[in-house]
Amino acid sequence: MRILLIAGAFNSLTQRVYAELGERGHHLGVELVTRDTPLLDVVRCHAPDLIVAPMLTTAVPREVWSACPCLIVHPGPVGDRGPSSVDWAVHLGADRWGVTVLQANDEMDAGDIWAAADFPVPAVGKSDLYRNEIADGAIEAVLTAVARVASGTHRPRPQATLPAAARPGRPRPPFRQDLRRIDWHADPTDTVVRKLRAADSRPGVRDELLGASWYLHGGHPEDALTGRPGELLATRCGAICRATADGAVWIPELRAPRAPGEPASPKLPATLALGARLPRLPEVPAPLDPGDGPRTWSDIRYREDGPAGFLEFSFPGGAMSTDHCRRLLAAYRHACSRPTSVLVLGGRRDFFSNGIHLHVIEAAADPAAESWANIQAMDDLVHAVLTTTDRLVVAALGGNAAAGGAMLALAADEVWCRSAVVLNPHYRLMGLYGSEYWTYTLPRRAGHEAAGRLMARALPMTAAAGARLGLVDRVIDCAAQDFTARTAHLARRLASAAATQARIAAKKAARERDEAQRPLAAYREEELARMHRTFFDPDEPYHALRRAFVRKEPGPGTPAHLNTPAAGA
């Protein structure tokens with residue numbers, strides 16, 4: 001079918017719908033729309049058989065949906081209506097939630113039902129839930145709905161005719177800041193965490209702190225530290241710990257409110273955002289392996305299970321600042337000092353990595369210098385992985401990976417992906433040539449021709465497409481909640497396999513041969529020469545593209561590359 005995707009942004013769900021439909025041979029077009037987009041003209045230009053809206057905040061005009069079938073993906077169960085469905089799911093502590101694919105009509109979220117899916121809701125933040133359980137449910141429902149449309153025989157179900165039991169959702173108002181407000185003197189930790197997690201990526205929870213207004217992003221419970229409610233207690237790896245009525249929470253990121261007439265402010269590690277406002281507080285380190293101790297937060301953890309080691313990390317939005325990279329490298333070196341034969345890097349749900357931290361770079365006094373420091377730190381980490389020759393290294397991607405984060409994964413001996421993962425192994429949309437030894441690792445796996453094509457097309461791909469191209473060694477079909485246990489089982493089996501020691505020996509010999517043919521330093525030097533020119537030339541597109549990304553500046557329209565065949569198709 002000729003399918004046109006319309007969306008407010010090419011976000012994670014839109015990318016996944018695009019990649020999954022492309023996998024199934026559909027001819028796709030994409031249009032990023034605003035309230036001012038002449039949608040009827042756009043639709044006439046594409047002449048689709050079907051329109052699918054994976055993420056749309058504006059209404060579809062009658063002249064569009066009456067001329068072409070238009071399916072809306074709503075991130076709520078049947079009967080749910082309103083713009084804040086996922087916020088409500090997390091805030092209410094819902095046990096189950098759903099996704100509904102419905103036909104556009106005159107009333108938002110009230111159209112006939114083409115397909116629906118439901119799923120359990122884990123105790124995670126809104127953005128994590130959206131990229132995982134909700135995205136899984138959306139893909140299930142979209143594929144079902146598209147097949148039903150293609151059949152020509154299915155008739156959607158009008159919502160009004162469904163019995164009450166078949167409509168578990170209900171209309172809900174927008175989730176505004178007055179509903180998110182935290183009462184630090186009365187709210188217990190679990191309530192504070194729910195409020196923070198219901199706003200973790202956007203919009204954040206508006207609050208007063210140290211004489212200024214901030215949006216708080218992300219929340220994690222802390223059981224050991226206590227103090228006067230509302231008081232700041234400690235710092236850890238850029239996060240701040242704040243006392244609640246019965247405990248405390250860790251808040252990893254803050255964002256200053258948008259000034260009138262100004263673009264959005266960067267979202268930053270909390271201590272960096274507060275800067276000189278931050279009083280002298282103890283830096284309380286987290287143990288790499290907290291074991292069965294009290295609840296606490298750490299973005300990097302290490303554990304062992306027999307001959308298998310597991311270095312898990314999770315950074316907000318998948319972005320890795322200079323500090324993130326250096327701390328992860330120190331933990332990686334510790335893991336390599338342990339007597340294991342297999343080391344799993346990653347393994348948690350949600351993002352693996354998206355590469356350098358554009359928000360921290362944008363906020364730096366010298367963005368060029370911070371860009372340079374950040375890419376050097378990423379390269380140091382990737383180099384450590386590439387030169388590990390005394391064990392097998394597995395990159396376990398429970399969530400999406402892009403740019404330098406995708407190249408970090410490719411440095412490992414094996415790449416294991418949850419089947420729902422979306423890969424973006426390219427840099428050019430941010431105006432970058434790229435580093436992280438991609439000129440060594442990407443052609444080594446996919447071949448020079450395919451590597452060049454991936455970089456030039458700059459399109460998202462599924463894990464299955466990555467496997468066909470040689471970028472992924474194992475696709476694991478499981479729910480997001482099960483990924484850690486599944487990878488642990490596979491890693492233990494790999495560590496105990498009879499052939500593993502022979503593979504380690506062969507790996508060492510292969511690395512020596514490759515080094516003799518062309519040293520890793522040569523790849524790094526060539527990549528960084530091009531990156532240096534980009535970072536330190538203020539006229540390079542990278543600086544405007546970075547600023548637009550961080551500060552949510554509207555784009556000029558739909559990028560031309562989105563209306564080419566999906567990657568891997």
Side-chain angles (χ1 to χ4, degrees), residues 11-12 86-87 90 122-132 135 180 192-207 209 214-222 235-242 249-256 264-274 286 296-301 311-328 331 346-364 370 374 377-378 381 397-406 408 422 424 480 546 549-552:
N11 71 341
S12 60
V86 189
D87 308 62
V90 176
V124 297
K126 176 178 73 169
S127 56
D128 184 338
L129 178 67
Y130 182 82
R131 284 187 290 267
N132 287 286
R180 302 184 194 276
V192 174
V193 166
R194 275 203 312 276
K195 289 181 177 181
L196 289 168
R197 286 180 173 174
D200 61 353
S201 59
R202 292 183 70 182
V205 174
R206 184 78 177 251
D207 198 29
L209 180 62
W214 301 93
Y215 287 98
L216 316 181
H217 293 273
H220 306 273
E222 166 63 42
T235 61
R236 173 182 294 162
C237 302
I240 53 174
C241 186
R242 194 171 186 184
V249 294
W250 289 99
I251 304 169
E253 293 185 316
L254 301 178
R255 178 174 56 86
S265 301
K267 187 165 35 174
L268 299 171
T271 57
L272 181 61
L274 291 170
T296 191
W297 166 81
S298 177
D299 52 8
I300 301 173
R301 293 185 175 182
L311 181 58
E312 301 175 346
F313 58 95
S314 180
F315 304 125
M320 295 174 64
S321 67
T322 304
D323 176 67
H324 289 136
C325 294
R326 289 172 178 168
R327 290 192 292 107
L328 185 55
R348 291 191 187 180
R349 51 178 291 142
D350 208 14
F351 281 124
F352 179 77
S353 171
N354 286 324
I356 60 176
H357 202 310
L358 298 176
H359 285 250
V360 170
I361 290 169
E362 177 68 13
E370 181 55 34
N374 202 164
M378 281 290 300
L381 175 61
L397 281 62
N400 302 343
L408 170 61
V422 174
N424 278 282
R546 181 195 68 238
F549 174 81
V550 169
R551 299 190 181 278
K552 311 298 183 186

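Just the heavy atoms: all of them, side chains too, but no hydrogens, waters or symmetry mates, feed the values below.
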Does some side-chain heavy atom of [Y] sit less than 4.5 Å from a side-chain heavy atom of [X]?
X      : Y      : answer
Val550 : Ile361 : no
Trp250 : Thr296 : yes
Ser314 : Asp350 : no
Glu253 : His359 : no
Leu209 : Ile240 : yes
Pro266 : Arg255 : no
Arg131 : Phe351 : yes
Pro252 : Asp299 : no

Locate the shortest heavy-atom distance separating [X] from [Y]; write the atom from each residue and the value.
X      : Y      : answer
Ala273 : Leu254 : CB-CB, 3.9 Å
Val90  : Gly125 : CG2-C, 4.5 Å
Asn354 : Ala401 : OD1-C, 3.9 Å
Gly405 : Met378 : N-CE, 4.4 Å
Pro221 : Val193 : N-CG2, 3.9 Å
Gly355 : Ser353 : N-OG, 3.1 Å

Side-chain ion pair, Asp207 and Arg242, N-O less than 4.0 Å: yes
Distance check, rounded to the nearest 0.5 Å: [X] atom [atom1] versus [Y] atom [atom2]?
X      : Y      : atom1 : atom2 : value
Asn132 : Ser127 : CG    : OG    : 9.5 Å
Asp323 : Cys237 : CG    : SG    : 7.0 Å
Ser298 : Glu312 : OG    : CD    : 10.5 Å
Cys241 : Ile251 : SG    : CD1   : 8.5 Å
Leu358 : Arg551 : CG    : CZ    : 12.0 Å
Glu222 : Arg236 : CD    : CZ    : 6.0 Å

Just to verify, what does [X] make a salt bridge (charged side-chain N to carboxylate O under 4.0 Å, His left out) with, not counting sequence neighbours?
X      : result
Arg197 : none
Lys267 : none
Asp87  : Lys126, Arg180

side-chain contact (heavy atoms from CB on, under 4.5 Å) partners for Arg326, two or more places apart: Thr322, Ala377
side-chain contact (heavy atoms from CB on, under 4.5 Å) partners for Ala256, two or more places apart: Trp214, Ser265
His217 and Tyr215 aromatic ring geometry - parallel, tilted or perpendicular at 30°/60° bounds: tilted
Main-chain N/O of His357 paired with Asn374 side-chain donor or acceptor, under 3.5 Å: yes
Phe315: partners by ring-ring contact (aromatic ring centres under 6.0 Å, His included), with sequence neighbours left out: Phe313, His324
